[in-house]
2 protein chains.
Amino acid sequence: MHSPELLKGTLQTIVLKVLKDNGRMYGYEITQRVKELSDERILLTEGALYPALHKLEAEGMLRTETETIGKRVRKYYSLTPQGRSLVKERVSEFVEFIKTMGNVLQLQIK
Amino acid sequence: MHSPELLKGTLQTIVLKVLKDNGRMYGYEITQRVKELSDERILLTEGALYPALHKLEAEGMLRTETETIGKRVRKYYSLTPQGRSLVKERVSEFVEFIKTMGNVLQLQIK
DNA sequence: AATAATACATAAGTGAATTATGTATCTAAG
DNA sequence: CTTAGATACATAATTCACTTATGTATTATT
């Protein structure tokens with residue numbers, strides 16, 4: 001990302017929405033999916049991602065299942081019903097935000 | 001603003017663009033214009049605005065003129081040529097950002 | 001055999017913001 | 001007339017989401 005500042009505050013929204021769209025995923029998989037969707041522009045850092053996942057889990061938004069592949073442990077995350085409604089909220093907040101910014105910056109991308 | 005987190009990193013862009021569109025403005029005037037354009041959703045705080053203006057001035061992006069109205073002092077800011085090119089850069093960065101986010105969040109607001 | 005990718009985790013540090021505080025003038029209300 | 005709210009600037013203290021750094025361990029590639 002050229003301007004990482006702008007990304008602030010979008011992490012939860014991104015994680016939740018990607019989980020909604022892709023179902024059950026593990027942390028590393030999320031980083032790769034976001035990298036792909038953003039054409040290399042958004043590279044989630046582990047130091048931000050894992051604490052965010054733990055927090056969302058603690059708040060009851062995500063549920064986890066641990067799976068062992070060979071000798072490697074993977075922690076799969078999926079949305080709880082509460083998490084499902086949070087995604088909607090976060091995404092509409094973001095849409096609202098870009099509409100407002102569009103007005104302030106006089107962008108014609110309606 | 002419902003989600004003030006999202007606003008992080010947008011202050012410079014907002015200030016520069018509003019100055020570009022409205023010409024010469026003073027600090028308080030900027031807060032009021034942004035409030036108006038955002039329909040009360042973006043309320044710039046003085047603690048963020050004034051340091052940002054000082055920084056942009058120190059970097060040669062803004063030029064100031066002081067005017068005294070009655071006994072009140074107003075500091076008018078306007079863009080320098082350098083500031084003009086920075087606005088373009090910041091605004092395209094922001095447009096790029098919302099395009100990328102649109103892809104990641106699968107928003108159909110093209 | 002070494003390097004990169006996969007996969008998790010957490011602690012330390014950063015920096016752009018919020019919050020708090022201070023000064024001072026002008027205007028409207030009661 | 002005096003008090004509250006708006007106008008107008010400024011800066012210091014604090015917050016907190018993030019980056020950076022570090023750690024462990026497995027698997028794949030060269």
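Chain A is the first sequence line, chain B the second, and so forth, proteins listed ahead of strands; every chain is numbered from 1. Quick caveat: nothing in here was measured; it's all calculated off a predicted structure.
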Nearest-neighbour nucleotide for the [X] side chain, [options] considered:
X	options	value
B:K8	D:dA10, D:dT27, C:dA17	C:dA17
B:K71	C:dT25, C:dT10, D:dA10	C:dT25
B:E46	C:dT10, D:dA10, D:dC18	D:dA10
A:R72	C:dA17, D:dA8, C:dA7	C:dA7
B:Y50	C:dT25, D:dA10, C:dA17	D:dA10
B:T45	D:dC18, C:dT19, C:dA9	C:dT19

Is there a side-chain contact between [X] and the phosphate of [N], meaning an N or O under 4.0 Å from OP1 or OP2?
X	N	value
A:Y26	C:dC8	no
B:R74	D:dA8	yes
B:H54	D:dT11	yes
A:K75	C:dA9	yes

Mind calculating the distance between [atom1] ([X]) and [atom2] ([N]) to the nearest angstrom?
X	N	atom1	atom2	result
A:Y77	C:dA7	OH	P	14 Å
B:I69	D:dA6	CD1	C1'	16 Å
A:L56	D:dA17	CG	P	12 Å
B:L7	C:dT18	CG	P	7 Å
A:K55	D:dA17	NZ	P	6 Å
B:E5	C:dG15	CD	C1'	13 Å
B:L53	D:dC9	CG	C1'	11 Å
B:I14	C:dA16	CD1	C1'	13 Å

Next item on the list: Mind running side-chain contact (heavy atoms from CB on, under 4.5 Å) on A:E96 and B:R41 for me, showing each step along the way?
Entry: CA-CA 10 Å; A:E96 172 69 15; B:R41 277 183 271 263; 3.1 Å; yes

Checklist line | Nearest-nucleotide 5' precedence on DNA chain D, A:A52 against B:P51 | finding: B:P51

Margin query: Need to verify one output field. Residue with the more 5' nearest nucleotide on DNA chain D, B:G47 or B:Q32?
Written below: B:Q32

Next item on the list: Output yes when a side-chain donor or acceptor of A:T80 lies under 3.5 Å from a complementary backbone atom of A:M61, and no otherwise.
Entry: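 Here the side-chain-to-backbone pair exists.
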
Check: Any donor-acceptor pair under 3.5 Å linking the side chain of A:R63 with the backbone of A:L79?
Finding: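 At least one qualifying donor-acceptor pair exists.
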
Note to self: Salt bridge check, A:E36 against A:R33: does any charged N sit closer than 4.0 Å to a carboxylate O?
What the structure shows: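 Looking at A:R33 and A:E36, the cut-off is met.
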
Notebook entry, point to check: Is it the case that B:E93 and B:T13 place a side-chain donor and acceptor less than 3.5 Å from each other?
Noted result: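 No.
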
